[in-house]
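Just so you know, these numbers come straight off a predicted model, no measurement behind them. In listed order, ligands and their atoms are each counted from 1.
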Amino acid sequence: MSHASTPEPLTAAPGAPLRGRLRPPGDKSISHRAMILGLLSLGETRVEGLLEGDDVLRTAAAARALGADVERLGEGRWRVRGVGIGGLCDPAETLDFGNAGTGSRLMMGVVGGQPVTATFDGDASLRSRPMRRILDPLSRMGAQVLAEAEGGRVPLTLRGLKEAIPITYETPAASAQIKSAVLLAGLNAPGTTTVIEAQATRDHTERMLRLFGATVTVEPHGPGGHGRKVSLAGQPTLRGTDVVVPADPSSAAFPLVAALITPGSEVTIEGVMMNSLRTGLITTLLEMGADIERVAEREEGGETVADLRVRASRLTGVEVPAERAPAMIDEYPVLAVAAAFAEGPTRMNGLHELRVKESDRLAAVAAGLAVNGVIHRIEGDDLVVEGRGEPPPGGGTVATHLDHRIAMAFLVLGLAARAPVTVDDGAMIATSFPSFLPTMRALGGRIGG
Ligand code: S3P
């Protein structure tokens with residue numbers, strides 16, 4: 001397992017307005033998938049704009065260990081020469097995924113569908129996260145779990161059959177990771193693998209599988225058409241291709257909310273992916289009265305992207321429906337921060353999945369709000385934040401529990417609260433947004449170690 005790094009406390013202090021332009025790093029979900037499909041295809045995949053955060057670098061290392069030739073050509077520019085479906089080799093060592101839930105779970109799908117044996121491990125956060133949700137469908141597809149830590153956690157060892165068994169699987173949680181693991185295992189199944197989800201989750205795996213040459217059909221499913229039935233024709237020949245990674249909306253969320261809550265701010269965030277299964281935060285902030293303009297909408301790498309012009313705004317509390325959760329699942333910590341500045345209550349419904357993220361994010365957000373004097377309550381799986389339409393007190397030290405998004409969200413709070421906010425450890429920010437500190441400082445944000 002990766003050894004815990006020395007904690008790096010950081011403090012954000014209120015100060016001047018934020019001004020300027022930035023481009024957030026490449027999307028984490030797409031970056032992981034580019035590495036994985038590069039591994040599973042024949043020929044060369046070239047990636048532009050890859051997120052070079054620790055999570056994705058772990059996936060790159062795992063792809064290498066499973067047989068791919070992975071090379072960094074320049075900043076964000078990578079080349080992967082894959083081995084094709086069925087061409088993987090047994091990794092010589094444990095695949096250490098560090099903090100990366102997505103990388104590890106998607107790669108479990110790959111390994112569970114192939115005749116290779118691999119051991120997965122990670123840091124204390126990953127070791128605490130549930131993997132049964134992935135192992136259960138993979139077992140139905142023929143994968144054997146040769147060893148696992150108590151409760152179906154890493155470290156665990158997985159082995160797939162020569163060919164996976166095609167299944168139809170209804171996901172028990174709205175999780176793109178579960179869907180993706182099943183589809184990736186289904187690549188080596190003779191026949192159609194189908195995943196049914198009651199609520200549509202991010203569709204990057206489906207889109208990228210098509211880009212690499214697989215046949216994937218997607219139909220609306222269930223009441224109101226909120227769900228999806230996704231079917232993959234097994235054993236395609238995947239061909240390496242070019243992947244352009246758009247900027248990550250989940251990283252854009254931090255400077256975006258920082259600009260909204262810091263008086264006098266005006267910030268332009270460039271090239272942000274506008275996939276509607278990822279833009280729930282923007283929808284919510286617009287309902288709260290945020291001044292966010294989408295300009296220069298265009299296509300990049302098969303996704304619509306836009307520049308977001310964001311100005312400081314007076315926000316009003318709203319109710320965020322549970323159905324929106326999959327489209328903003330990683331953005332609730334920073335939405336809770338925005339809600340702390342809004343006038344009136346913001347109710348965020350249906351947050352049970354937050355309990356199994358890099359930390360128990362529902363508990364971590366509540367604790368962070370509490371130490372900074374923000375009135376809030378948890379009601380079942382819902383979080384209610386009582387904004388006063390003015391900066392909250394701040395002044396607290398937030399426990400981040402190895403969770404990058406908890407660290408960034410509360411640093412954003414500190415940029416506009418009445419007193420500085422400290423997070424106990426900012427080291428994990430490097431998993432998803434390695435340039436967060438210089439980026440925020442360049443806008444005028446006062447964040448120091
Ligand atoms: C991701 C899916 C989400 C999200 C994670 C990235 C993905 O997790 O929280 O950061 O790339 O598929 P779940 O599938 O557990 O909701």
Inset, instruction - On the 0 to 90° scale, with breaks at 30° and 60°, tag the Phe97-Phe120 ring pair as parallel, tilted or perpendicular. - result: parallel
Inset, instruction - Decide whether Ser29 and Arg202 meet the rule of one side-chain donor and one side-chain acceptor closer than 3.5 Å. - result: yes
Inset, instruction - Please write down residue, atom name and distance for the protein heavy atom closest to atom 14 (O) of ligand 1. - result: Ser175 OG, 2.7 Å
Inset, instruction - Give a yes-or-no answer on whether the side chains of Asn275 and Asp203 include a donor-acceptor pair shorter than 3.5 Å. - result: yes
Legend entry - Arg33 to ligand 1, any heavy atom closer than 4.0 Å: yes
Inset, instruction - List every atom of ligand 1 that sits less than 4.0 Å from any heavy atom of Ala176, numbering the atoms from 1 in the order shown and giving each element. - result: 12 (O), 14 (O)
Legend entry - Proximal ligand 1 atoms for Thr102, defined as those under 4.0 Å from one of its heavy atoms: 1 (C), 5 (C), 6 (C), 7 (C), 11 (O)
Legend entry - For ligand 1, the portion of Arg202 having any non-hydrogen atom under 4.0 Å away: side chain
Inset, instruction - Give a yes or no on this: more than 12 heavy atoms of other residues, nucleotides or ligands lie within 6.0 Å of atom CD of Glu299. - result: yes
Legend entry - Element-labelled atoms of ligand 1 that are located less than 4.0 Å from some non-hydrogen atom of Asp330: 4 (C), 5 (C), 9 (O), 10 (O)
Inset, instruction - May I ask you to test the Thr205-Lys179 pair for a side-chain heavy-atom distance under 4.5 Å? - result: no
Legend entry - ligand 1 N/O within reach of Gln177 N/O, cut-off under 3.5 Å: yes
Inset, instruction - Among Arg405, Arg23, Arg278, Lys28, find the residue that satisfies the salt bridge (charged side-chain N to carboxylate O under 4.0 Å, His left out) test when tested with Asp248. - result: Arg278
Inset, instruction - Give a yes or no on this: more than 12 heavy atoms of other residues, nucleotides or ligands lie within 6.0 Å of atom CD of Glu93. - result: no
Legend entry - Nearest-contact summary for atom 11 (O) of ligand 1 - protein heavy atom, Å: Ser29 OG, 2.7 Å
Legend entry - Minimum-distance protein heavy atom relative to atom 15 (O) of ligand 1: Lys357 NZ, 3.2 Å
